[in-house]
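So that we are looking at the same thing, I have put the structure below in C-alpha coordinates.
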Protein chains: 2
Amino acid sequence: MPYLLLKDLPRYECLLEAAREFPDLDPSAAEAFLQLLRASDEAYGLNARNMAAHGISAGRFSVLMLLWRGDRTRCAAGPAAGDCGPRTPASLADACGVTRATMTGLIDTLERDGFVKREPDPADRRMMTVQLTPKAEEFLRRYLPTHFRITSAIMSVLSETERKTFVRLLVKVQQQAATLAAASRPAPS
Amino acid sequence: MPYLLLKDLPRYECLLEAAREFPDLDPSAAEAFLQLLRASDEAYGLNARNMAAHGISAGRFSVLMLLWRGDRTRCAAGPAAGDCGPRTPASLADACGVTRATMTGLIDTLERDGFVKREPDPADRRMMTVQLTPKAEEFLRRYLPTHFRITSAIMSVLSETERKTFVRLLVKVQQQAATLAAASRPAPS
DNA sequence: CGTTAGTAGTTAGCATCCTAACTATCAGCT
DNA sequence: AGCTGATAGTTAGGATGCTAACTACTAACG
(Lines give C-alpha, C1' and ligand atoms only; values in the text may rest on other atoms or scores of the structure.)
Protein backbone atom coordinates (compact mmCIF):
# COMPACT_ATOMS: atom_id res chain seq x y z
CA MET A 1 0.00 0.00 0.00
CA PRO A 2 2.54 2.47 -1.23
CA TYR A 3 0.79 5.77 -1.00
CA LEU A 4 1.08 6.09 2.71
CA LEU A 5 -1.11 8.96 3.73
CA LEU A 6 -2.75 9.95 6.91
CA LYS A 7 -5.36 7.40 7.74
CA ASP A 8 -7.29 10.02 9.62
CA LEU A 9 -7.55 13.02 7.38
CA PRO A 10 -7.52 16.37 9.12
CA ARG A 11 -11.00 17.65 9.78
CA TYR A 12 -12.29 20.51 7.75
CA GLU A 13 -12.17 22.91 10.70
CA CYS A 14 -8.48 22.18 11.10
CA LEU A 15 -7.93 23.03 7.47
CA LEU A 16 -9.80 26.29 7.93
CA GLU A 17 -7.69 27.11 10.92
CA ALA A 18 -4.44 26.25 9.16
CA ALA A 19 -5.52 28.41 6.23
CA ARG A 20 -5.28 31.43 8.48
CA GLU A 21 -1.59 30.78 8.91
CA PHE A 22 -0.97 29.72 5.31
CA PRO A 23 -2.77 31.94 2.81
CA ASP A 24 -1.87 29.50 0.04
CA LEU A 25 -3.99 26.79 1.63
CA ASP A 26 -7.34 26.43 -0.13
CA PRO A 27 -9.38 24.31 2.30
CA SER A 28 -11.79 22.80 -0.20
CA ALA A 29 -8.95 22.04 -2.60
CA ALA A 30 -6.91 20.39 0.13
CA GLU A 31 -9.91 18.37 1.22
CA ALA A 32 -10.56 17.16 -2.31
CA PHE A 33 -6.91 16.34 -2.82
CA LEU A 34 -6.54 14.38 0.40
CA GLN A 35 -9.79 12.53 -0.14
CA LEU A 36 -8.75 11.62 -3.69
CA LEU A 37 -5.55 10.01 -2.45
CA ARG A 38 -7.36 8.40 0.44
CA ALA A 39 -10.08 6.80 -1.70
CA SER A 40 -7.59 5.71 -4.31
CA ASP A 41 -5.36 4.18 -1.67
CA GLU A 42 -8.22 2.26 -0.12
CA ALA A 43 -9.47 0.92 -3.45
CA TYR A 44 -5.96 0.12 -4.57
CA GLY A 45 -5.13 -1.60 -1.31
CA LEU A 46 -8.14 -3.87 -1.56
CA ASN A 47 -7.02 -4.99 -4.98
CA ALA A 48 -3.39 -5.24 -4.00
CA ARG A 49 -4.24 -7.61 -1.16
CA ASN A 50 -6.19 -9.79 -3.55
CA MET A 51 -3.26 -9.81 -5.92
CA ALA A 52 -0.86 -10.63 -3.11
CA ALA A 53 -3.08 -13.57 -2.16
CA HIS A 54 -2.58 -14.79 -5.73
CA GLY A 55 1.15 -14.20 -5.56
CA ILE A 56 1.53 -11.14 -7.77
CA SER A 57 2.05 -7.43 -7.28
CA ALA A 58 0.58 -4.43 -9.05
CA GLY A 59 3.69 -4.01 -11.15
CA ARG A 60 3.71 -7.62 -12.25
CA PHE A 61 0.00 -7.49 -12.99
CA SER A 62 0.47 -4.41 -15.17
CA VAL A 63 3.13 -6.16 -17.20
CA LEU A 64 1.05 -9.29 -17.63
CA MET A 65 -1.99 -7.27 -18.71
CA LEU A 66 0.03 -5.30 -21.22
CA LEU A 67 1.47 -8.42 -22.78
CA TRP A 68 -1.91 -10.10 -22.76
CA ARG A 69 -3.67 -7.09 -24.24
CA GLY A 70 -0.94 -6.84 -26.83
CA ASP A 71 -1.55 -10.43 -27.86
CA ARG A 72 -5.26 -9.93 -28.15
CA THR A 73 -5.24 -6.69 -30.06
CA ARG A 74 -2.75 -8.25 -32.42
CA CYS A 75 -5.09 -11.17 -32.94
CA ALA A 76 -8.14 -8.93 -33.25
CA ALA A 77 -6.45 -6.63 -35.72
CA GLY A 78 -5.45 -9.47 -37.97
CA PRO A 79 -2.01 -10.56 -39.07
CA ALA A 80 -1.39 -7.30 -40.88
CA ALA A 81 -1.17 -5.37 -37.64
CA GLY A 82 2.11 -7.10 -36.87
CA ASP A 83 3.54 -5.98 -33.57
CA CYS A 84 1.20 -3.32 -32.29
CA GLY A 85 1.50 -4.69 -28.78
CA PRO A 86 4.36 -3.40 -26.68
CA ARG A 87 6.71 -6.26 -26.21
CA THR A 88 10.17 -4.90 -25.55
CA PRO A 89 11.24 -3.99 -22.02
CA ALA A 90 11.49 -0.33 -23.01
CA SER A 91 7.96 -0.17 -24.43
CA LEU A 92 6.61 -1.98 -21.39
CA ALA A 93 8.40 0.49 -19.14
CA ASP A 94 6.88 3.41 -21.04
CA ALA A 95 3.39 1.94 -20.89
CA CYS A 96 3.68 1.21 -17.18
CA GLY A 97 5.22 4.56 -16.37
CA VAL A 98 8.34 3.14 -14.75
CA THR A 99 11.99 3.35 -15.72
CA ARG A 100 13.69 0.75 -17.86
CA ALA A 101 15.81 -0.24 -14.91
CA THR A 102 12.69 -1.02 -12.91
CA MET A 103 11.26 -3.01 -15.79
CA THR A 104 14.43 -5.08 -15.92
CA GLY A 105 13.88 -6.06 -12.32
CA LEU A 106 10.20 -6.79 -12.84
CA ILE A 107 10.89 -8.99 -15.86
CA ASP A 108 13.65 -10.71 -13.91
CA THR A 109 11.28 -11.90 -11.22
CA LEU A 110 8.48 -12.65 -13.69
CA GLU A 111 10.86 -14.77 -15.71
CA ARG A 112 12.19 -16.47 -12.60
CA ASP A 113 8.62 -17.39 -11.65
CA GLY A 114 7.85 -18.65 -15.12
CA PHE A 115 5.34 -16.00 -16.22
CA VAL A 116 7.28 -14.50 -19.11
CA LYS A 117 10.09 -15.49 -21.43
CA ARG A 118 12.85 -13.25 -22.76
CA GLU A 119 14.24 -13.78 -26.24
CA PRO A 120 16.74 -11.77 -28.23
CA ASP A 121 15.41 -9.84 -31.21
CA PRO A 122 16.96 -11.27 -34.35
CA ALA A 123 16.80 -7.97 -36.25
CA ASP A 124 18.30 -5.65 -33.64
CA ARG A 125 20.73 -7.27 -31.28
CA ARG A 126 20.25 -4.53 -28.69
CA MET A 127 16.64 -5.50 -28.19
CA MET A 128 14.82 -8.25 -26.37
CA THR A 129 11.28 -9.50 -26.82
CA VAL A 130 9.13 -10.44 -23.86
CA GLN A 131 6.37 -13.02 -24.18
CA LEU A 132 3.75 -14.47 -21.89
CA THR A 133 4.10 -18.13 -21.06
CA PRO A 134 1.11 -20.51 -21.08
CA LYS A 135 1.37 -20.50 -17.29
CA ALA A 136 0.77 -16.76 -17.23
CA GLU A 137 -2.22 -17.01 -19.57
CA GLU A 138 -3.76 -19.67 -17.41
CA PHE A 139 -3.07 -17.57 -14.34
CA LEU A 140 -4.84 -14.57 -15.85
CA ARG A 141 -7.88 -16.63 -16.83
CA ARG A 142 -8.11 -17.80 -13.24
CA TYR A 143 -7.30 -14.51 -11.58
CA LEU A 144 -9.09 -11.89 -13.66
CA PRO A 145 -12.66 -12.80 -12.62
CA THR A 146 -11.84 -12.13 -8.97
CA HIS A 147 -10.14 -8.91 -10.00
CA PHE A 148 -13.21 -7.73 -11.86
CA ARG A 149 -15.52 -8.76 -9.06
CA ILE A 150 -13.62 -6.59 -6.60
CA THR A 151 -13.68 -3.63 -8.95
CA SER A 152 -17.41 -4.02 -9.46
CA ALA A 153 -18.04 -4.38 -5.75
CA ILE A 154 -16.17 -1.17 -4.95
CA MET A 155 -18.07 0.84 -7.53
CA SER A 156 -21.41 -0.78 -6.76
CA VAL A 157 -22.16 2.10 -4.38
CA LEU A 158 -22.29 4.51 -7.31
CA SER A 159 -25.21 4.66 -9.73
CA GLU A 160 -24.52 4.78 -13.44
CA THR A 161 -25.16 8.53 -13.38
CA GLU A 162 -22.79 8.99 -10.47
CA ARG A 163 -20.12 6.96 -12.22
CA LYS A 164 -20.32 9.24 -15.24
CA THR A 165 -19.99 12.30 -13.03
CA PHE A 166 -17.19 10.65 -11.08
CA VAL A 167 -15.20 9.82 -14.20
CA ARG A 168 -15.78 13.28 -15.64
CA LEU A 169 -14.39 14.97 -12.52
CA LEU A 170 -11.50 12.53 -12.28
CA VAL A 171 -10.54 13.19 -15.88
CA LYS A 172 -10.61 16.94 -15.27
CA VAL A 173 -8.34 16.59 -12.25
CA GLN A 174 -6.00 14.19 -13.98
CA GLN A 175 -5.61 16.36 -17.05
CA GLN A 176 -4.98 19.42 -14.93
CA ALA A 177 -2.30 17.58 -12.98
CA ALA A 178 -0.74 16.36 -16.21
CA THR A 179 -0.76 19.88 -17.60
CA LEU A 180 0.89 21.25 -14.48
CA ALA A 181 3.46 18.48 -14.54
CA ALA A 182 4.34 19.24 -18.14
CA ALA A 183 4.57 22.96 -17.36
CA SER A 184 6.87 22.43 -14.40
CA ARG A 185 9.21 20.28 -16.46
CA PRO A 186 9.68 21.88 -19.89
CA ALA A 187 13.05 20.14 -20.01
CA PRO A 188 12.56 17.40 -22.68
CA SER A 189 12.98 19.82 -25.57
CA MET B 1 5.23 7.35 -8.46
CA PRO B 2 4.48 4.08 -6.79
CA TYR B 3 1.13 3.10 -8.14
CA LEU B 4 2.37 2.06 -11.51
CA LEU B 5 -0.64 1.66 -13.69
CA LEU B 6 -1.19 1.73 -17.36
CA LYS B 7 -0.49 5.21 -18.61
CA ASP B 8 -2.90 4.62 -21.46
CA LEU B 9 -6.06 3.27 -19.98
CA PRO B 10 -7.95 0.79 -22.13
CA ARG B 11 -10.62 2.46 -24.16
CA TYR B 12 -14.22 1.91 -23.23
CA GLU B 13 -14.90 -0.22 -26.31
CA CYS B 14 -12.12 -2.56 -25.27
CA LEU B 15 -13.71 -2.91 -21.85
CA LEU B 16 -17.05 -3.70 -23.49
CA GLU B 17 -15.39 -6.31 -25.66
CA ALA B 18 -13.54 -7.88 -22.75
CA ALA B 19 -16.79 -7.98 -20.78
CA ARG B 20 -18.11 -10.50 -23.28
CA GLU B 21 -15.38 -12.90 -22.27
CA PHE B 22 -15.48 -12.07 -18.56
CA PRO B 23 -19.04 -11.76 -17.26
CA ASP B 24 -17.68 -10.40 -13.98
CA LEU B 25 -16.32 -7.33 -15.73
CA ASP B 26 -18.55 -4.30 -15.24
CA PRO B 27 -17.27 -1.81 -17.84
CA SER B 28 -18.40 1.37 -16.13
CA ALA B 29 -17.07 0.14 -12.78
CA ALA B 30 -13.73 -0.77 -14.32
CA GLU B 31 -13.53 2.59 -16.04
CA ALA B 32 -14.25 4.44 -12.80
CA PHE B 33 -11.74 2.33 -10.92
CA LEU B 34 -8.94 2.80 -13.42
CA GLN B 35 -9.60 6.52 -13.75
CA LEU B 36 -9.58 6.89 -9.98
CA LEU B 37 -6.13 5.36 -9.71
CA ARG B 38 -4.94 7.28 -12.74
CA ALA B 39 -6.05 10.68 -11.46
CA SER B 40 -4.74 9.97 -8.00
CA ASP B 41 -1.41 8.86 -9.40
CA GLU B 42 -1.05 11.97 -11.51
CA ALA B 43 -1.94 14.31 -8.66
CA TYR B 44 0.25 12.41 -6.25
CA GLY B 45 3.16 12.35 -8.68
CA LEU B 46 3.05 16.10 -9.13
CA ASN B 47 3.32 16.56 -5.40
CA ALA B 48 5.93 13.86 -4.98
CA ARG B 49 8.20 15.54 -7.51
CA ASN B 50 7.87 18.80 -5.63
CA MET B 51 8.71 17.02 -2.40
CA ALA B 52 11.68 15.31 -4.00
CA ALA B 53 12.93 18.69 -5.18
CA HIS B 54 12.88 19.69 -1.51
CA GLY B 55 14.61 16.51 -0.44
CA ILE B 56 11.76 14.64 1.21
CA SER B 57 9.45 11.76 0.32
CA ALA B 58 5.76 11.23 0.93
CA GLY B 59 6.49 8.99 3.90
CA ARG B 60 8.80 11.48 5.50
CA PHE B 61 6.33 14.28 4.86
CA SER B 62 3.54 12.31 6.53
CA VAL B 63 5.64 11.80 9.63
CA LEU B 64 6.65 15.44 9.81
CA MET B 65 3.04 16.58 9.39
CA LEU B 66 1.83 14.23 12.09
CA LEU B 67 4.43 15.43 14.54
CA TRP B 68 3.78 19.02 13.62
CA ARG B 69 0.02 18.64 13.86
CA GLY B 70 0.49 16.87 17.16
CA ASP B 71 2.46 19.79 18.50
CA ARG B 72 -0.10 22.32 17.35
CA THR B 73 -3.20 20.53 18.55
CA ARG B 74 -1.45 20.10 21.85
CA CYS B 75 -0.79 23.80 22.00
CA ALA B 76 -4.26 24.69 20.80
CA ALA B 77 -5.92 22.37 23.27
CA GLY B 78 -4.03 23.88 26.14
CA PRO B 79 -1.67 22.26 28.61
CA ALA B 80 -4.38 20.01 30.00
CA ALA B 81 -4.58 17.99 26.81
CA GLY B 82 -1.15 16.55 27.55
CA ASP B 83 -0.03 14.18 24.83
CA CYS B 84 -2.88 13.96 22.39
CA GLY B 85 -0.43 14.00 19.49
CA PRO B 86 0.92 10.67 18.32
CA ARG B 87 4.58 10.71 19.19
CA THR B 88 5.73 7.13 19.58
CA PRO B 89 6.91 5.16 16.54
CA ALA B 90 3.99 2.78 16.95
CA SER B 91 1.37 5.54 16.97
CA LEU B 92 3.03 7.22 14.01
CA ALA B 93 2.98 3.91 12.15
CA ASP B 94 -0.72 3.49 12.88
CA ALA B 95 -1.54 7.01 11.76
CA CYS B 96 0.47 6.63 8.57
CA GLY B 97 -0.87 3.19 7.80
CA VAL B 98 2.53 1.52 7.67
CA THR B 99 4.11 -1.18 9.80
CA ARG B 100 6.24 -0.42 12.80
CA ALA B 101 9.23 -1.83 10.97
CA THR B 102 8.73 0.64 8.16
CA MET B 103 8.39 3.47 10.65
CA THR B 104 11.69 2.47 12.24
CA GLY B 105 13.37 2.92 8.86
CA LEU B 106 11.64 6.23 8.20
CA ILE B 107 12.63 7.62 11.57
CA ASP B 108 16.16 6.34 11.03
CA THR B 109 16.65 8.44 7.92
CA LEU B 110 14.75 11.42 9.34
CA GLU B 111 16.97 11.35 12.40
CA ARG B 112 20.07 10.93 10.28
CA ASP B 113 19.06 14.01 8.29
CA GLY B 114 18.36 15.99 11.44
CA PHE B 115 14.58 16.34 11.13
CA VAL B 116 13.54 14.40 14.21
CA LYS B 117 15.06 13.35 17.51
CA ARG B 118 14.49 10.06 19.34
CA GLU B 119 14.43 9.95 23.12
CA PRO B 120 13.67 7.10 25.48
CA ASP B 121 10.42 7.32 27.41
CA PRO B 122 11.25 7.62 31.11
CA ALA B 123 8.05 5.92 32.25
CA ASP B 124 8.06 2.84 29.99
CA ARG B 125 11.49 1.73 28.98
CA ARG B 126 10.13 -0.12 25.94
CA MET B 127 8.97 3.11 24.35
CA MET B 128 10.61 5.96 22.51
CA THR B 129 9.36 9.47 21.88
CA VAL B 130 9.88 11.21 18.56
CA GLN B 131 10.15 14.98 18.34
CA LEU B 132 10.55 17.49 15.54
CA THR B 133 13.78 19.44 15.52
CA PRO B 134 13.85 23.22 14.88
CA LYS B 135 15.32 22.37 11.48
CA ALA B 136 12.20 20.40 10.59
CA GLU B 137 9.89 23.17 11.74
CA GLU B 138 11.75 25.68 9.64
CA PHE B 139 11.65 23.30 6.71
CA LEU B 140 7.87 22.94 6.99
CA ARG B 141 7.36 26.69 7.15
CA ARG B 142 9.35 27.02 3.97
CA TYR B 143 7.93 24.00 2.16
CA LEU B 144 4.22 24.01 3.01
CA PRO B 145 3.25 27.07 0.97
CA THR B 146 4.50 25.41 -2.23
CA HIS B 147 2.70 22.24 -1.22
CA PHE B 148 -0.57 24.08 -0.78
CA ARG B 149 -0.13 26.01 -4.01
CA ILE B 150 0.20 22.77 -5.95
CA THR B 151 -2.87 21.29 -4.31
CA SER B 152 -4.87 24.42 -5.08
CA ALA B 153 -3.65 24.50 -8.66
CA ILE B 154 -4.70 20.91 -9.27
CA MET B 155 -8.19 21.45 -7.90
CA SER B 156 -8.61 24.85 -9.52
CA VAL B 157 -10.34 23.15 -12.46
CA LEU B 158 -13.24 22.18 -10.20
CA SER B 159 -15.85 24.67 -9.03
CA GLU B 160 -16.86 24.69 -5.39
CA THR B 161 -19.98 22.74 -6.30
CA GLU B 162 -17.97 20.19 -8.22
CA ARG B 163 -15.55 19.81 -5.33
CA LYS B 164 -18.43 19.01 -3.01
CA THR B 165 -19.75 16.40 -5.43
CA PHE B 166 -16.25 15.05 -5.97
CA VAL B 167 -15.59 14.64 -2.25
CA ARG B 168 -19.00 13.07 -1.71
CA LEU B 169 -18.39 10.42 -4.38
CA LEU B 170 -14.84 9.80 -3.17
CA VAL B 171 -16.05 9.25 0.37
CA LYS B 172 -18.66 6.79 -0.84
CA VAL B 173 -16.07 4.82 -2.78
CA GLN B 174 -13.55 4.92 0.04
CA GLN B 175 -16.03 3.74 2.64
CA GLN B 176 -17.21 0.94 0.40
CA ALA B 177 -13.64 -0.21 -0.15
CA ALA B 178 -12.97 -0.03 3.58
CA THR B 179 -16.10 -2.07 4.27
CA LEU B 180 -15.09 -4.70 1.74
CA ALA B 181 -11.59 -4.81 3.16
CA ALA B 182 -12.92 -5.37 6.67
CA ALA B 183 -15.27 -8.07 5.41
CA SER B 184 -12.55 -9.94 3.57
CA ARG B 185 -10.33 -9.95 6.64
CA PRO B 186 -12.43 -10.75 9.71
CA ALA B 187 -9.24 -12.14 11.22
CA PRO B 188 -8.33 -9.61 13.93
CA SER B 189 -10.87 -10.95 16.39
C1' DC C 1 7.60 -14.39 43.39
C1' DG C 2 7.64 -16.47 38.88
C1' DT C 3 5.79 -17.93 34.70
C1' DT C 4 3.27 -16.37 30.80
C1' DA C 5 1.29 -13.37 27.59
C1' DG C 6 1.39 -9.08 25.32
C1' DT C 7 3.64 -4.84 23.58
C1' DA C 8 7.47 -1.56 21.65
C1' DG C 9 11.03 -1.30 18.86
C1' DT C 10 14.50 -3.26 16.00
C1' DT C 11 16.71 -6.33 12.71
C1' DA C 12 17.05 -9.31 8.56
C1' DG C 13 15.68 -10.46 4.11
C1' DC C 14 12.81 -9.66 0.09
C1' DA C 15 10.36 -6.89 -3.67
C1' DT C 16 9.79 -2.57 -5.97
C1' DC C 17 10.75 1.92 -7.03
C1' DC C 18 14.39 5.46 -8.32
C1' DT C 19 18.94 7.73 -10.51
C1' DA C 20 23.36 7.26 -12.49
C1' DA C 21 26.65 4.86 -14.83
C1' DC C 22 27.94 1.17 -17.84
C1' DT C 23 28.01 -2.15 -22.12
C1' DA C 24 26.60 -3.27 -26.55
C1' DT C 25 24.61 -2.05 -30.68
C1' DC C 26 22.80 0.75 -34.41
C1' DA C 27 22.71 4.70 -37.59
C1' DG C 28 24.35 8.74 -39.68
C1' DC C 29 28.02 11.71 -41.36
C1' DT C 30 32.54 12.50 -43.15
C1' DA D 1 35.85 2.54 -42.99
C1' DG D 2 35.57 5.14 -38.77
C1' DC D 3 33.94 8.43 -35.41
C1' DT D 4 29.91 10.27 -33.01
C1' DG D 5 25.62 10.24 -30.94
C1' DA D 6 21.44 7.87 -29.79
C1' DT D 7 19.20 3.76 -28.07
C1' DA D 8 18.31 -0.95 -25.46
C1' DG D 9 19.22 -3.27 -21.68
C1' DT D 10 21.64 -4.07 -17.48
C1' DT D 11 24.04 -3.15 -13.16
C1' DA D 12 24.98 -0.69 -8.75
C1' DG D 13 23.44 1.65 -4.88
C1' DG D 14 19.85 4.07 -2.21
C1' DA D 15 15.07 4.64 -0.24
C1' DT D 16 10.58 2.58 0.95
C1' DG D 17 7.37 -0.77 1.59
C1' DC D 18 6.44 -5.65 3.51
C1' DT D 19 6.64 -10.09 6.72
C1' DA D 20 8.81 -12.72 10.19
C1' DA D 21 11.72 -13.24 13.86
C1' DC D 22 14.08 -11.30 17.68
C1' DT D 23 15.11 -8.44 22.11
C1' DA D 24 13.59 -5.99 25.94
C1' DC D 25 10.30 -4.73 28.82
C1' DT D 26 5.55 -4.59 31.14
C1' DA D 27 1.63 -6.64 33.08
C1' DA D 28 -1.30 -10.14 34.70
C1' DC D 29 -2.23 -14.37 36.73
C1' DG D 30 -1.61 -18.03 39.94
Side-chain angles (χ1 to χ4, degrees), chain A residues 1-5 7 41 44-45 48-49 51-64 86-113 115-116 118-130 185 187-188, chain B residues 1-5 41 44-45 48-49 51-63 86-113 115-116 118-130 185 187-188:
Chain A
M1 268 119 311
Y3 265 14
L4 167 86
L5 253 144
K7 277 178 63 184
D41 192 51
Y44 172 84
R49 279 189 292 273
M51 289 182 191
H54 285 77
I56 59 168
S57 67
R60 299 172 68 144
F61 179 68
S62 295
V63 174
L64 294 181
R87 286 156 62 214
T88 70
S91 66
L92 288 171
D94 276 353
C96 282
V98 300
T99 63
R100 287 171 302 163
T102 298
M103 189 51 64
T104 294
L106 266 175
I107 296 174
D108 279 349
T109 66
L110 281 170
E111 190 169 32
R112 181 201 59 193
D113 295 350
F115 285 114
V116 304
R118 257 190 271 232
E119 274 178 17
D121 184 309
D124 187 336
R125 277 192 289 175
R126 289 172 303 180
M127 295 207 280
M128 304 289 289
T129 60
V130 183
R185 265 185 321 173
Chain B
M1 270 120 305
Y3 266 14
L4 167 86
L5 253 145
D41 192 50
Y44 172 83
R49 279 188 293 273
M51 288 182 193
H54 285 78
I56 59 167
S57 67
R60 298 171 68 145
F61 179 68
S62 294
V63 174
R87 285 156 61 213
T88 70
S91 67
L92 289 170
D94 277 352
C96 283
V98 301
T99 63
R100 285 172 303 163
T102 297
M103 189 50 64
T104 294
L106 266 175
I107 296 175
D108 279 349
T109 66
L110 281 170
E111 190 168 31
R112 181 202 60 193
D113 294 350
F115 286 114
V116 303
R118 257 191 271 234
E119 273 178 18
D121 183 311
D124 187 335
R125 278 192 289 175
R126 289 172 304 182
M127 296 207 283
M128 305 289 288
T129 59
V130 183
R185 264 186 322 174

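Since the structure is predicted, the reported quantities are computational estimates derived from the model, not experimental observations. Each chain gets a letter, A, B and so on, in the order the sequences are listed, and its residues count up from 1. Basis for what follows: all heavy atoms, side chains included, without hydrogens, waters or symmetry-related copies.
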- Item | Spacing between Tyr44(A) atom OH and dT16(C) atom P, to the nearest angstrom |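 Going from Tyr44(A) (OH) to dT16(C) (P), I get 10 Å.
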- Show your working on side-chain contact (heavy atoms from CB on, under 4.5 Å) between Thr104(A) and Asp108(A) and close with a plain yes or no. CA-CA 6 Å; Thr104(A) 294; Asp108(A) 279 349; 4.0 Å; yes
- What is the distance from CG of Asp121(B) to P of dT7(C), rounded to the nearest Å?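 In whole Å, dT7(C) P and Asp121(B) CG are 17 Å from each other.
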- Task: Determine whether Val63(A) and Cys96(A) make a side-chain contact, defined as any pair of heavy atoms from C-beta on separated by less than 4.5 Å.
- Result: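 A side-chain contact under 4.5 Å exists here.
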- Expressed in angstrom and rounded to an integer, what is the separation of Glu111(A) atom CD from dA15(C) atom C1'?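 After rounding, the reported distance stands at 17 Å.
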- Message: Restricting to salt bridge (Lys or Arg N to Asp or Glu O under 4.0 Å), what partner residues turn up for Arg125(A), sequence neighbours left out?
- Response: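 By the salt bridge (Lys or Arg N to Asp or Glu O under 4.0 Å) rule, Arg125(A) matches no residue at all.
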- Please walk me through it: do Arg126(B) and Asp121(B) pass side-chain contact (heavy atoms from CB on, under 4.5 Å)? CA-CA 8 Å; Arg126(B) 289 172 304 182; Asp121(B) 183 311; over 6 Å; no
- Query: Rounded to the nearest Å, what distance is computed from the CZ atom of residue Arg125(B) to the C1' atom of nucleotide dT23(D)?
  - Reply: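 After rounding, the reported distance stands at 14 Å.
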- Of Ala123(A) and Thr99(A), whose nearest nucleotide on DNA chain C comes first from the 5' end?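 On the 5' side of the pair lies Thr99(A).
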- How would nucleotides 5-15 of chain D be written as a contact map, 5' to 3', with B for base contact, S for sugar-phosphate-only contact and - for no contact, using protein heavy atoms under 4.0 Å? -BBBBBB---S
- Item | Evaluation steps, side-chain contact (heavy atoms from CB on, under 4.5 Å), between Leu64(A) and Val116(A) | CA-CA 8 Å; Leu64(A) 294 181; Val116(A) 304; 4.2 Å; yes
- Message: So, taking the atom named CZ in Arg87(B) and the one named OG1 in Thr129(B), what distance separates them when rounded to the nearest 0.5 Å?
- Response: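 So the CZ of Arg87(B) and the OG1 of Thr129(B) are separated by 6.0 Å.
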- Query: Can you check side-chain contact (heavy atoms from CB on, under 4.5 Å) on Met51(B) and Ser57(B), steps first, answer last?
  - Reply: CA-CA 6 Å; Met51(B) 288 182 193; Ser57(B) 67; over 6 Å; no
- Query: Using 4.0 Å as the upper bound for N to carboxylate O, is an ion pair formed by Asp113(A) and Arg60(A)?
  - Reply: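 Result for this pair is yes, salt bridge flagged.
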- Item | Axis bend over the full length of the helix from dC1(C)-dG30(D) to dT30(C)-dA1(D), computed from five pairs that close each end, to 10 degrees |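 So the angle between the two local helix axes works out to 10°.
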- In whole angstroms, how far is the C1' atom of dT16(C) from the CE atom of Met51(A)?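 Atom-to-atom, Met51(A) to dT16(C), this comes out as 14 Å.
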- Task: Let me know the distance between NE2 of His54(A) and P of dA15(C), rounded to the nearest Å.
- Result: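 The answer, rounded to whole Å, is 20 Å.
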